[in-house]
Number of protein chains: 2
Amino acid sequence: MPVKTDKLRITVQRLGTRLEELGELGAIAGGGVCRLALSAEDGAGRDLVMRWMRELGLSVSIDGIGNVVGVRAGLEAGPPVMTGSHIDTVRTGGRFDGNLGVLAGLEVIQTLNDAGILTRRPLAVAFFTNEEGARFNPDMMGSLVYVGGLALNAALATVGIDGASVGDCLNRIGYAGPAPCGKPEVHAYVELHVEQGPVLEAEGITIGAVEGVQGISWTEFTVLGVSNHAGTTPMRLRHDAGYVACAIANKAREIAREMGGNQVATVGAINLSPNLVNVIAYKAVFTVDLRNTDEAALQIAEQRLHSFASEVAGAEGVTLTNRRLARFEPVDFDPSTISLVEATARQLGLSVKRMPSGAGHDAQMLARVCPTAMIFVPSAGGISHNVKEFTCPADLEAGANVLLHTLLQLAS
Amino acid sequence: MPVKTDKLRITVQRLGTRLEELGELGAIAGGGVCRLALSAEDGAGRDLVMRWMRELGLSVSIDGIGNVVGVRAGLEAGPPVMTGSHIDTVRTGGRFDGNLGVLAGLEVIQTLNDAGILTRRPLAVAFFTNEEGARFNPDMMGSLVYVGGLALNAALATVGIDGASVGDCLNRIGYAGPAPCGKPEVHAYVELHVEQGPVLEAEGITIGAVEGVQGISWTEFTVLGVSNHAGTTPMRLRHDAGYVACAIANKAREIAREMGGNQVATVGAINLSPNLVNVIAYKAVFTVDLRNTDEAALQIAEQRLHSFASEVAGAEGVTLTNRRLARFEPVDFDPSTISLVEATARQLGLSVKRMPSGAGHDAQMLARVCPTAMIFVPSAGGISHNVKEFTCPADLEAGANVLLHTLLQLAS
């Protein structure tokens with residue numbers, strides 16, 4: 001069979017048509033989509049994708065948290081090779097984030113169906129509930145429950161930003177399914193996703209072989225100094241909370257530059273009080289977002305930042321406190337699966353680079369229970385979570401073909 | 001007569017009583033005062049001070065902009081030696097800012113009256129309209145009109161934050177006077193004022209011999225970059241408006257530190273958009289307040305700041321624009337009058353230091369037309385424009401005695 005499948009290719013027009021059709025459900029101005037998890041729009045999207053799954057002959061199950069898995073039997077029984085993603089979106093989302101991974105999975109199934117090819121292992125296409133976390137916390141909820149990281153009852157009891165619970169919403173749209181969570185067990189998982197960043201486009205590369213998901217460290221700092229007159233207070237007598245905030249923000253950039261590699265640092269929010277041109281700020285509240293694919297390196301970045309923060313606060317005579325807003329360790333994908341994605345892309349004549357994911361994905365949950373990797377395709381302008389999100393047909397085609405042949409290898 | 005006045009001293013209890021009494025008009029919670037320029041409360045304050053002036057035998061005139069001058073005849077005719085300040089306050093002001101200079105002037109007059117001393121030149125005590133600028137722009141309006149820097153009609157037409165014009169408000173409180181603006185001409189002007197900064201208290205010094213008023217340069221910068229995902233965007237591909245703002249803020253501090261002297265720099269206001277922990281800011285609007293007593297040095301500070309700002313903006317690939325919010329050149333007071341203040345303080349056994357004023361004062365306007373200097377006394381905690389503004393009686397007494405003997409010298 002490997003010989004026969006070498007020339008097999010997906011049909012991008014068909015994939016594009018499904019993306020368009022799904023994108024019409026919850027469509028918003030500007031070409032975007034609002035399909036918040038477990039909303040009526042999400043329910044309509046689920047119904048459509050379930051119909052497609054059944055039309056393709058998949059055996060579809062819905063579990064207690066609303067994850068949907070469609071299985072295509074293989075020559076042998078056993079755990080399927082799975083692909084998938086999510087179809088919920090943020091409030092002003094695009095048509096590709098998540099949807100691509102699910103619909104490319106269906107396109108792979110249809111390609112195999114049309115060619116009459118049966119794989120040794122079963123294949124599965126899944127979509128997981130509430131990946132975005134835009135309505136319910138935490139994000140990646142469905143895949144987290146799937147791998148046993150969150151109890152089903154706890155997930156069902158979660159109340160969203162609009163006061164509704166996950167359990168009630170699942171019942172309302174008819175997606176509180178009977179299947180046990182975490183079934184079927186998975187032999188391997190590969191997810192195709194848009195990059196949501198600018199790297200592939202900037203470097204002119206078509207395929208990202210994703211090595212893992214960055215660890216995340218979010219800290220909110222509060223600096224308390226003394227407000228005083230900007231004219232009458234000599235520099236040596238100042239306790240300037242605003243200056244300390246800016247000095248730490250600068251240090252965050254310096255740490256990222258000096259450490260290099262996959263270390264990134266962002267100060268996205270700064271709030272000064274009283275925030276007036278001629279008054280030294282008595283208070284500054286600001287956030288630092290540090291990420292790295294390497295946990296040890298991320299800890300070094302945190303230590304360097306906190307050490308500098310204490311030092312500059314002491315020198316300025318201000319008090320400094322901080323609280324951790326979020327902390328996740330990096331996730332490493334499976335080396336041989338990453339290598340398979342990379343080799344598959346090369347065999348298809350596509351440019352490819354290994355890269356980390358800066359955003360979270362369902363794949364990082366599946367990585368807890370099976371060999372996992374991801375395939376990235378370029379995001380135009382690096383834009384995502386935005387109605388302007390776009391990936392060109394040639395890149396969609398390339399990514400889906402890499403998915404097809406990676407799944408074929410894993411299932412053979 | 002000089003022999004006879006050596007031991008002459010003001011009576012601080014009397015000065016304190018007048019400060020209390022005037023502070024009751026427009027009193028607000030916490031011991032502060034709200035007597036916005038030309039408000040009913042300001043009118044009541046004016047009536048009280050005018051009554052005191054008349055009780056002390058002064059010949060009182062009110063000019064077209066509401067400046068009030070009380071003259072005490074000398075042995076000879078001619079331009080008086082003037083002291084004074086203002087009695088309007090900011091919305092949440094203290095009892096000392098401005099009021100001290102006016103009431104210490106009255107205390108000097110009363111001390112001379114009680115001792116039966118007549119100076120060679122006439123003496124005058126003035127209070128000028130709308131020094132604070134908290135209701136009408138510009139601040140120091142009355143003294144600016146007095147020295148011919150602003151036409152009376154233009155000043156009268158000024159509309160305040162509440163929609164009322166200066167002219168209408170003057171009429172309403174009965175202070176559109178018949179005296180010509182700028183009369184009498186002034187032989188010399190010395191103003192006693194609270195420091196409004198922390199320097200004297202921090203250094204344990206009682207008297208500041210003010211050498212001049214800092215020049216002020218206010219700039220608002222707007223940085224336009226590109227919002228992107230804090231996780232998926234490598235450092236090298238960022239156009240981070242927030243980073244550029246913080247880098248320029250840090251540079252402002254560095255410039256002040258490196259230039260030393262009287263150079264100060266403050267970034268008091270920063271506003272990022274969208275101001276979220278995990279989104280690189282696409283926009284930053286922030287202010288830089290630079291001040292120096294030396295115009296050439298202030299220009300160097302501005303040039304260094306703008307040069308760095310262009311450089312960092314170019315390196316980050318963001319666009320940078322700026323607009324000037326305010327620009328005033330420094331004012332130098334009269335060297336011999338400054339020396340006289342300093343020598344007088346020493347003769348009274350008081351610690352004294354030469355220092356700049358970081359805030360604006362009526363004296364900087366009078367400096368355009370006559371030899372001028374100022375006397376500072378400590379502000380507790382450096383606090384001003386605040387209900388907690390406070391100067392202890394011993395310092396009030398010291399300042400008023402320096403004023404007394406400086407005026408005696410100038411009038412002899």
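Any value given below was found using the heavy atoms of this structure, including those in side chains, with hydrogens, waters and symmetry copies removed.
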If we only count heavy atoms from C-beta on, is the B:Val279 to A:His385 side-chain gap below 4.5 Å?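 Counting from C-beta outward, B:Val279 and A:His385 never come under 4.5 Å.
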Distance, nearest 0.5 Å, that separates CZ of B:Phe286 from CD1 of A:Ile270: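 It is 10.5 Å, given to the nearest 0.5 Å.
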Flag if over 12 foreign heavy atoms under 6.0 Å of [atom1], [X]:
X	atom1	value
A:Phe308	CZ	yes
B:Lys251	NZ	yes
B:Arg91	CZ	no

Can you name the nearest heavy-atom pair linking A:Gly231 to B:Gln214, along with the distance?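 Closest approach of A:Gly231 to B:Gln214: O-OE1, 3.1 Å.
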Please list, in residue-number order, every residue in residues 259-269 of chain A that has a heavy atom less than 4.5 Å from any heavy atom of chain B; write 'none' if there are none. A:Gln263, A:Val264, A:Ala265, A:Thr266, A:Val267, A:Gly268, A:Ala269
Could you please state which residues from residues 195-202 of chain A sit under 4.5 angstrom from chain B, measuring non-hydrogen atom to non-hydrogen atom, sorted by number, or 'none'?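 Interface residues of residues 195-202 of chain A: A:Glu195, A:Gln196, A:Gly197, A:Pro198, A:Val199, A:Ala202.
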By number, which residues in residues 234-250 of chain B have some heavy atom less than 4.5 Å away from chain A?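 Under the 4.5 Å heavy-atom cut-off, B:Pro234, B:Met235, B:Arg236, B:Leu237, B:Arg238, B:Asp240, B:Tyr243, B:Cys246, B:Ala247, B:Ala249, B:Asn250 qualify.
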Do you know which of A:Asp289, A:Ile383, A:Val288, A:Val277 has the most heavy-atom pairs with chain B at a distance under 4.5 angstrom?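 Most heavy-atom pairs under 4.5 Å with chain B: A:Val277.
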Could you tell me which of A:Arg253, A:Met355, A:Arg291, A:His229 has the largest number of non-hydrogen atom pairs under 4.5 Å with chain B?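 The candidate making the most pairs under 4.5 Å is A:Arg253.
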Below 4.5 Å from any heavy atom of chain B, which atoms of A:Asn386 appear? Answer side chain, backbone, both or neither. neither
Proximal component of A:Asn228, with respect to chain B [non-hydrogen, under 4.5 Å]: side chain
With sequence neighbours excluded, give me every salt bridge (charged side-chain N to carboxylate O under 4.0 Å, His left out) pair touching residues 216-233 of chain A.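 Every salt bridge (charged side-chain N to carboxylate O under 4.0 Å, His left out) pair that includes a residue of residues 216-233 of chain A, provided the two are not neighbours, is A:Glu220-A:Arg323.
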For chain A, find which of B:Thr233, B:Leu290, B:Asn271 contributes the most heavy-atom pairs closer than 4.5 angstrom.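 Top count of heavy-atom pairs under 4.5 Å with chain A: B:Thr233.
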